[in-house]
Undergrad: 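Please find one structure pasted underneath; my questions will follow.
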Amino acid sequence: MTSSAANCPVAIRIQEDDFDIAREIAVLTRSRTDIGAVVSFSGLCRADEDSSKIAALTLEHYPGMAEEEIKRHVDEAMSRWPLNGVTVIHRVGRFRPGQNIVLVLTASQHRRAAFEAAEFLMDYLKTSAPFWKKEESATGTGWVEAHARDDEAAARWTRS
Amino acid sequence: MTSSAANCPVAIRIQEDDFDIAREIAVLTRSRTDIGAVVSFSGLCRADEDSSKIAALTLEHYPGMAEEEIKRHVDEAMSRWPLNGVTVIHRVGRFRPGQNIVLVLTASQHRRAAFEAAEFLMDYLKTSAPFWKKEESATGTGWVEAHARDDEAAARWTRS
Amino acid sequence: MKVKYFAWVRERIGKAEEMIEPPATVRTVEELIAWLSGQNEAYAYAFEKPKIIRTAIDHAHVKADATIAGAREIAFFPPMTGG
Amino acid sequence: MKVKYFAWVRERIGKAEEMIEPPATVRTVEELIAWLSGQNEAYAYAFEKPKIIRTAIDHAHVKADATIAGAREIAFFPPMTGG
């Protein structure tokens, strides 16, 4: 899913393949001289999720809704901050500790907008985008439970 | 300048050469399974600094003090957030719009620590690390003035 | 209408999607959950704690009191854990 | 002691560093700035607004009332604009 508005190209992809952060940043910034700040967030599979040892994580998503939900939040981010580009890539499938899961890239003239928009998007990806993690450990497999801290993180962005 | 403490490798470099974000992230995360979040900030030379058109920027620094000042703030960040790795690269020399100037990378188990530490380091690089920018425009050359907004950004992190 | 299930809701019900025809008295999401729960043990297990089940109608999050009239696709799933 | 100048402070004074020997009555950073300003027009121009000049002693930021006793290297520069 790609779109463009107000000089802010948007790319949203859900894929099994890994991503290349340098390539994604190059796509966002090439031939442009109005971008002063690029923030990237990459989320990786860890071996230790809340004290249990993880052998692998499997990511499931709701095709169609996942892309649309991310798009809604990217649009919301673009309405809040003066952004010059946004890329969101969420991988699905089975991952080993150390592997990439998610990438959020934001570009802006100034760093504060890029930082805040990236954090906003990650907080909403965690709590609102239809993805679910199942973890495999020595004691079996189970679905990861949602964290109250993620709801609290997303609630920071609610406009009163 | 490299060091390591509490499983948090630190690399601080001041150089003329460009940096490769993907390579720097790979160095920080390879062979590790305890990192869940990597935030990168890259700062680029823009063509429009406060409405005047920039042809080039020249970055000057205070060798010795610059590295030490960055190290002090990296140590401060490590005492505030549970970090698993920090890389700071600041380029010096003459830059055209679109070129990279600075890179801050932070790695942590969770995203909030990585985001906050990266933003903290950037705010202090802007206001406290001994670097100065001279800009060339159609009307001549001049030293960039410090922004009050940068002092305010850094002041957010002052502990009362 | 089409109904989809994800994560452990899917696993408990034992299917990813199906077509259903609830009676006209079932008007809201919570009424649909109650009606599905009455189908058999598998649905009852999936919806045993209806308050934690999240619902989307036509790809948009909705609350338990949302009307299902006109919905083409309704999805039930646990709280999201992506990112 | 060694003194270093950066950015427009360096350009106005016309040199990047020098060795100086201020009299014993010059004890603080602000006294040193005042003494340097009296050397000639170039120094007076560089330090014409002493409040905006930043100072580091042995690579650490210090305030205008800091003592210069024991300093090996003192640097004067405008507010930083890196990052």
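Just so we're on the same page: letters track the sequence lines, and every chain starts at 1.
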Undergrad: Using 30° and 60° as the class boundaries, would you call the ring planes of C:F47 and C:F76 parallel, tilted or perpendicular?
TA: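 The rings of C:F47 and C:F76 stand perpendicular, inter-plane angle above 60°.
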
Undergrad: Run the salt-bridge test on A:R13 and A:E67 with the 4.0 Å N-O cut-off and return the result as yes or no.
TA: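 Between A:E67 and A:R13 there is no salt bridge, as every charged N stays at least 4.0 Å from the carboxylate O atoms.
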
Undergrad: Among residues at least two apart in sequence or on other chains, which ones pass ring pair (Phe, Tyr, Trp, His ring centres under 6.0 Å) with C:Y5?
TA: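 Counting only residues at least two positions away or on another chain, C:Y5 forms no ring pair (Phe, Tyr, Trp, His ring centres under 6.0 Å).
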
Undergrad: Is chain C contacted by the side chain of A:K126, its backbone, both, or neither, given a heavy-atom distance below 4.5 Å?
TA: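 Both the backbone and the side chain of A:K126 come within 4.5 Å of chain C.
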
Undergrad: Classify the angle between the aromatic ring planes of C:H59 and A:Y62 as parallel (below 30°), tilted (30 to 60°) or perpendicular (above 60°).
TA: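 Plane angle over 60°, so perpendicular.
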
Undergrad: Quick one about C:E11 and A:W143 (side-chain donor to acceptor, distance below 3.5 Å, no hydrogens or angles considered), yes or no?
TA: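 Yes.
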
Undergrad: Verify salt bridge (charged side-chain N to carboxylate O under 4.0 Å, His left out) between A:R72 and A:E69, making sure each step is shown before the conclusion.
TA: CA-CA 5 Å; A:R72 276 191 280 270; A:E69 189 64 20; 2.7 Å; yes

Undergrad: What's the spacing between C:I20 CD1 and C:K2 NZ if we round to 0.5 Å?
TA: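 Here the rounded value is 12.5 Å.
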
Undergrad: Between A:E135 and A:T141, does any side-chain donor sit less than 3.5 Å from a side-chain acceptor?
TA: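 Not at all, the side chains of A:E135 and A:T141 share no donor-acceptor pair under 3.5 Å.
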
Undergrad: Counting only heavy atoms closer than 4.5 Å, note whether A:R91 contacts chain C via side chain, backbone, both or neither.
TA: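 Neither part.
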
Undergrad: Give the interface residues of residues 94-105 of chain A toward chain C, defined by a heavy-atom separation under 4.5 Å.
TA: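 Residues A:I101, A:V102 are the ones that qualify, each having a heavy atom under 4.5 Å from chain C.
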
Undergrad: Quick check: under 4.5 Å, non-hydrogen atoms only, which of residues 60-70 of chain C neighbour chain A?
TA: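 C:A60, C:H61, listed by number.
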
Undergrad: Would C:R12 and C:Y45 count as a cation-pi pair here, with the cationic atom under 6.0 angstrom from the ring centre and within 45° of the axis?
TA: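 The answer is yes; both the distance and angle limits are met.
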
Undergrad: Is a salt bridge present between A:R156 and A:E152, judged by a nitrogen-to-oxygen distance below 4.0 Å?
TA: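 A:E152 and A:R156: not salt-bridged.
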
Undergrad: I'd like to check C:L36 versus C:L32 (side-chain heavy atoms, cut-off strictly below 4.5 Å). Are they in contact?
TA: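 The answer is yes; the side chains approach within 4.5 Å.
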
Undergrad: Answer yes or no: is there an ion pair linking C:R10 with A:E60, defined by an N-O contact shorter than 4.0 Å?
TA: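 Looking at C:R10 and A:E60, the cut-off is met.
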
Undergrad: Who in residues 14-30 of chain A is close to chain C, using a strict under-4.5 Å heavy-atom cut-off?
TA: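 Hits under 4.5 Å: none found.
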
Undergrad: Would you check if A:W81 and A:F120 make a side-chain contact, meaning some heavy-atom pair closer than 4.5 Å?
TA: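 A side-chain contact exists here, since the closest heavy-atom pair is under 4.5 Å.
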
Undergrad: Against chain C, label A:S128 side chain, backbone, both or neither, depending on which of its atoms sit under 4.5 Å from a heavy atom there.
TA: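 Both parts, backbone and side chain.
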
Undergrad: Just how far is it from atom OG1 of A:T106 to atom CZ of A:R111, taken to the nearest 0.5 Å?
TA: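 Here the rounded value is 13.5 Å.
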
